[in-house]
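These figures come from a predicted structure and were not determined experimentally.
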Amino acid sequence: MDIELAAQMRSTTGKGAARSLRRQQMVPAVVYGPKAEPLPISLAANRLEKLLREMGEESKLLRLNIEEGADRNVRQVLIREVQVHPVRRQFLHVDFYEVPLDHPIVVEVPVELLGEPVGVKEGGLLNLIRRTLSVRCLPGEIPEKVSVDISGLEIGSAVHVADLVNQVPFELTDEEQLTVVTMNAPEGLEEAAGAGEGEEVGESAEGGEVTAE
């Protein structure tokens, strides 16, 4: 089901007009795409904030209802960029990308970890490296999550994109060697292992059994 968002056409552009909109708790925005000229619009800041909070890191197709007087123009869009003031945390501008529904697009989709890893039960530390992965699909088929089964993850092992390619019903476009999640040994075990390796090298050197190539 599409997520709906209301917007209004704006007849004036430029910095002055944008500042005026922000004083009215509105956000200047633009809709652009491969089949249409850029369309200047505005939308309520509180509605945008609520939408972004609900969406989180997910890329979702939005049904943008643009009002111009008594007329209404509906566009299917994705949010491409949200500009926020670094100090006041005020919305400055939003870019919406109008997507052709019959052409695949690449979007970022959140990673969801499933299961309790074997390594955690042994004291290992789970480290999520990539919170999102790039997915190529039709706009109407954007998955909510990329599910990763980590129940068999042992200490010292990792999951890479290559491990997921044949496990998901959509195309992953990140490089296959990209690491998604790792299971690290506890710091105490890592330090002990490092010390043990140093002692072995020292003993071998003292015994004259180590040869340099």
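- Contact annotation: the side chain of M9 approaches that of I66 to within less than 4.5 Å [non-hydrogen atoms, C-beta and beyond].
- To the nearest 0.5 angstrom, L64 atom CG is 11.0 Å from R72 atom CZ.
- Both V180 and V120 sit in one connected hydrophobic cluster of ILVMFWY residues. Membership requires side-chain heavy atoms under 4.5 Å apart, directly or through other members.
- Taking CG of L125 as the start and CG of N184 as the end, the distance is 6.5 Å to the nearest 0.5 Å.
- Atoms NZ and CG, from K60 and L78 in turn, are 12.0 Å apart once rounded to the nearest 0.5 Å.
- In this structure, L101 and P139 approach most closely via the heavy-atom pair O-CD, 3.7 Å.
- Residues A18 and P28 come closest through the heavy atom pair CB-CG, 4.0 Å.
- The two atoms that bring F96 and A29 nearest to each other are CE1-CB, 3.9 Å, heavy atoms only.
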field: Residue pair E175, V161: steps toward the side chain to side chain contact (heavy atoms under 4.5 Å, CB included) verdict
entry: CA-CA 7 Å; E175 296 182 359; V161 171; over 6 Å; no
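- Under the 4.5 Å side-chain heavy-atom criterion for Ile, Leu, Val, Met, Phe, Trp and Tyr, V135 and I142 are members of the same hydrophobic cluster.
- Using a 4.5 Å heavy-atom threshold, the side chains of N65 and E4 count as touching.
- Between the side chain of R10 and the main chain of I41, a donor-acceptor pair closer than 3.5 Å is present.
- Atom CD1 of I79 is separated from atom CG of L61 by 11.0 Å, given to the nearest 0.5 angstrom.
- In this structure, the side chains of F91 and V84 come closer than 4.5 Å at one or more pairs of heavy atoms.
- Atom CZ of R80 sits in a crowded spot, with more than 12 heavy atoms from other residues, nucleotides or ligands closer than 6.0 Å.
- Between the side chain of D174 and the main chain of S134, a donor-acceptor pair closer than 3.5 Å is present.
- The backbone N or O of L92 sits less than 3.5 Å from a side-chain atom of R22, completing a donor-acceptor pair.
- Partner of I150 under the side-chain contact (heavy atoms from CB on, under 4.5 Å) criterion, out of L128, L114, L113: L113 alone.
- Connection of V99 to V107 is established within a shared hydrophobic cluster, with ILVMFWY side chains joined at heavy-atom distances below 4.5 Å, either directly or through further cluster members.
- R63 has its side chain within reach of Q76: a pair of non-hydrogen atoms, C-beta onward, lies under 4.5 Å apart.
- By the 4.5 Å heavy-atom criterion applied to side chains, L39 and R75 are counted as neighbours.
- If you take CD on E112 and CZ on R131, they are separated by 13.5 Å, rounding to the nearest 0.5 Å.
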message: Would I129 and L178 count as a side chain to side chain contact (heavy atoms under 4.5 Å, CB included) here? Give the steps.
response: CA-CA 9 Å; I129 306 296; L178 186 70; over 6 Å; no
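- Here the closest heavy-atom approach between residue G115 and residue S151 is recorded as CA-CB, 4.4 Å.
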task: Just do the side chain to side chain contact (heavy atoms under 4.5 Å, CB included) check on V106 and E171 with the steps written out, would you?
output: CA-CA 9 Å; V106 176; E171 181 184 357; over 6 Å; no
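- Using a 4.5 Å cut-off on side-chain heavy atoms (C-beta onward), L126 and V181 make contact.
- Between A158 and T179 the shortest heavy-atom distance is CB-CG2, 4.3 Å.
- The two residues Y97 and G33 have their closest heavy-atom pair at CE1-CA, 4.0 Å.
- In this structure, L5 and V77 have side chains that are not in contact, with every pair of non-hydrogen atoms separated by 4.5 Å or more.
- Hydrophobic clustering of Ile, Leu, Val, Met, Phe, Trp and Tyr side chains at less than 4.5 Å, counting indirect connections, unites L52 with V31.
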field: side chain to side chain contact (heavy atoms under 4.5 Å, CB included) between L133 and V109, intermediate numbers included
entry: CA-CA 5 Å; L133 290 173; V109 177; 5.9 Å; no
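- In this structure, E144 places its CD atom where only 12 or fewer heavy-atom neighbours from other residues, nucleotides or ligands lie under 6.0 Å away.
- Between V159 and the choices V111, D149, L164, the side-chain contact (heavy atoms from CB on, under 4.5 Å) rule is met once, by L164.
- Side-chain contact check for L21 versus V27: every heavy-atom pair is 4.5 Å or farther apart.
- Residue M183 holds its CE atom at 9.5 Å from CD of E154, rounded to the nearest 0.5 Å.
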